[in-house]
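Below is one structure, written out as structure tokens; comments come after it.
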Amino acid sequence: MKMLNIAFRIFRRDLHSVGIIGAPFSKGQPRDGVQLGPDVIREAGLVKKLEGQGCVVKDYGNLIFEEVSNDEPIGRTKQPRVVGLANKKVADAVQRVKTDGQTCVMLGGDHSLAVGSIHGHAACRPELSVVWVDAHADINTPLTSPTGNIHGQPMSYLIHELCTKIPVMPNFSWIKPCIAAKDVVYIGLRDVDPEEHYILKHLGIKTFSMTEVDGLGIAKVMEQMCDHIFSKIKKPIHLSYDIDALDPSVAPATGTPVIGGLTYREGIYITEYLCQTGLLSAIDVVEVNPKQAKRKEEVHFTANVAVDLVLGCFGRVREGSHPANYKIPEP
């Protein structure tokens with residue numbers, strides 16, 4: 001009996017309280033289908049699997065976004081009015097989940113929604129660290145963006161040091177910078193615009209491109225990431241995970257795939273490592289786009305990988321079945 005009690009103490013996992021928000025939104029980029037991401041991820045069994053590993057889950061459902069007529073570009077920036085409104089709705093929803101005392105999981109939708117997700121999180125946790133896992137830096141400003149798509153710009157609206165580089169845009173006046181450049185870490189970069197490269201270097205933002213991942217190994221990358229963001233004070237972590245950080249062979253159903261990305265094991269290791277810090281406070285999983293898949297199997301595969309990423313954030317153990325699912329046989 002003594003050994004049994006020790007075993008239970010070893011395998012016990014703290015219960016996680018999870019609040020899920022669906023954000024079926026696609027206007028931050030040009031490809032149809034990414035608005036289907038939240039439901040595709042849910043249909044892959046997200047809620048049931050989280051509950052199966054001992055989480056207490058509340059699904060807040062999908063947000064409903066307003067249409068905007070005559071949403072003309074501002075300079076090169078496309079559809080700013082509808083994107084600004086959508087992000088305000090996401091910010092309010094994330095703030096509500098955090099106020100309810102839960103770890104927030106925002107299912108996108110495109111990555112422009114990170115503006116609202118991080119902003120709403122920061123409203124409840126003013127001191128945040130952001131871990132941005134992505135093939136792309138998404139830190140173009142409206143003035144440097146080569147495409148004008150806001151899903152390539154979200155970080156620029158959030159970082160204090162870039163506030164003077166952001167022009168006035170309709171429905172964006174509510175956004176106040178809420179992150180310091182020193183509190184941001186990128187993992188998985190491999191398709192960075194020259195302008196973004198300059199911004200990252202100028203601000204001294206910590207980045208781990210795929211070259212660093214290959215050279216150091218993902219375990220060393222995560223150790224160095226934690227050394228960086230926890231060098232002075234341990235802050236809550238906001239993980240913003242673009243599914244295209246993974247190699248297209250792992251997650252093909254996405255809008256802007258780039259070969260040479262994270263393996264499945266590397267991608268999952270990131271979430272497991274962040275879970276073990278005990279500081280993971282909100283998660284975005286974005287850019288799952290079933291209409292970009294060539295075959296139905298690719299949709300299922302990508303959605304299942306997205307679910308596994310979330311499970312890793314909440315204590316899934318790969319070495320075997322979760323103890324919560326095990327019953328000791330009666331004598």
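Each residue takes its place number in the sequence, starting with 1.
Ring geometry for Trp132 against His111 counts as parallel: the plane angle stays under 30°, on a 0 to 90° scale with 60° as the upper cut. Aromatic ring orientation, Tyr273 versus Tyr269: tilted (interplanar angle from 30° to 60°).
Residues Ile159 and Ile205 form a side-chain contact, since some pair of their non-hydrogen atoms from C-beta on lies under 4.5 Å apart. The shortest distance between side-chain heavy atoms of Pro146 and Asn140 falls below 4.5 Å. Counting heavy atoms from C-beta on, the side chains of Cys55 and His16 come closer than 4.5 Å. Side-chain contact check for Ser173 versus Val168: every heavy-atom pair is 4.5 Å or farther apart.
Taking the salt bridge (Lys or Arg N to Asp or Glu O under 4.0 Å) definition, one finds that Lys235 meets it with Glu127, Asp183, sequence neighbours left out.
Applying the ring-ring contact (aromatic ring centres under 6.0 Å, His included) rule to pairs touching residues 23-72 yields Phe25-Phe65, sequence neighbours excluded.
For the residue pair Ser281 and His121, a side-chain donor N or O sits within less than 3.5 Å of a side-chain acceptor on the partner. For the 3.5 Å distance criterion, the side chains of Asn87 and Tyr157 fail to qualify, holding no donor opposite an acceptor. If you check the side chains of Thr254 and Asp244, you find no donor sitting under 3.5 Å from an acceptor. Inspection of the Glu287 and His151 side chains reveals an N or O donor paired with an N or O acceptor under 3.5 Å. Ser240 and Asp284 are linked by a side-chain donor-acceptor pair at a separation below 3.5 angstrom, with hydrogens and angles left out of the test. Under the 3.5 Å distance criterion, with hydrogens and angles disregarded, a donor-acceptor pair is assigned to the side chains of Glu212 and Ser209.
The minimum heavy-atom distance between Cys104 and Ile21, with the atom names listed, is SG-CD1, 3.6 Å. When all heavy atoms of Asp71 and Val82 are compared, the closest pair comes out as OD2-N, 3.0 Å.
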Applying salt bridge (Lys or Arg N to Asp or Glu O under 4.0 Å) to Lys88 and Glu66, what does each step give before you reach the verdict? CA-CA 11 Å; Lys88 182 64 168 71; Glu66 303 170 37; over 6 Å; no
Trace of the side chain to side chain donor-acceptor pair (under 3.5 Å) decision for Asp134 with Tyr241: CA-CA 6 Å; Asp134 200 330; Tyr241 210 125; over 6 Å; no
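Looking only at distances, a side-chain donor or acceptor of Arg76 sits under 3.5 Å from a matching main-chain atom of Leu143.
Ion pairing between Arg42 and Asp59 holds under the 4.0 Å rule for side-chain N and carboxylate O. Salt-bridge formation is not detected for the pair Lys48/Glu51: no Lys NZ or Arg NE/NH1/NH2 atom is positioned less than 4.0 Å from an Asp or Glu carboxylate oxygen. Using a 4.0 Å cut-off between a side-chain N of Lys or Arg and a carboxylate O of Asp or Glu, Lys78 and Glu72 do not qualify as a salt bridge. Ionic pairing of Arg31 and Asp110 is not present here: no N-O contact between side-chain nitrogen and carboxylate oxygen is shorter than 4.0 angstrom.
Considering CD of Gln35 and CG of Asp39, their distance stands at 10.0 Å, rounded to 0.5 Å.
Atom OH of Tyr198 sits in a sparse spot, with 12 or fewer heavy atoms from other residues, nucleotides or ligands closer than 6.0 Å.
Connection of Leu113 to Ile179 is established within a shared hydrophobic cluster, with ILVMFWY side chains joined at heavy-atom distances below 4.5 Å, either directly or through further cluster members.
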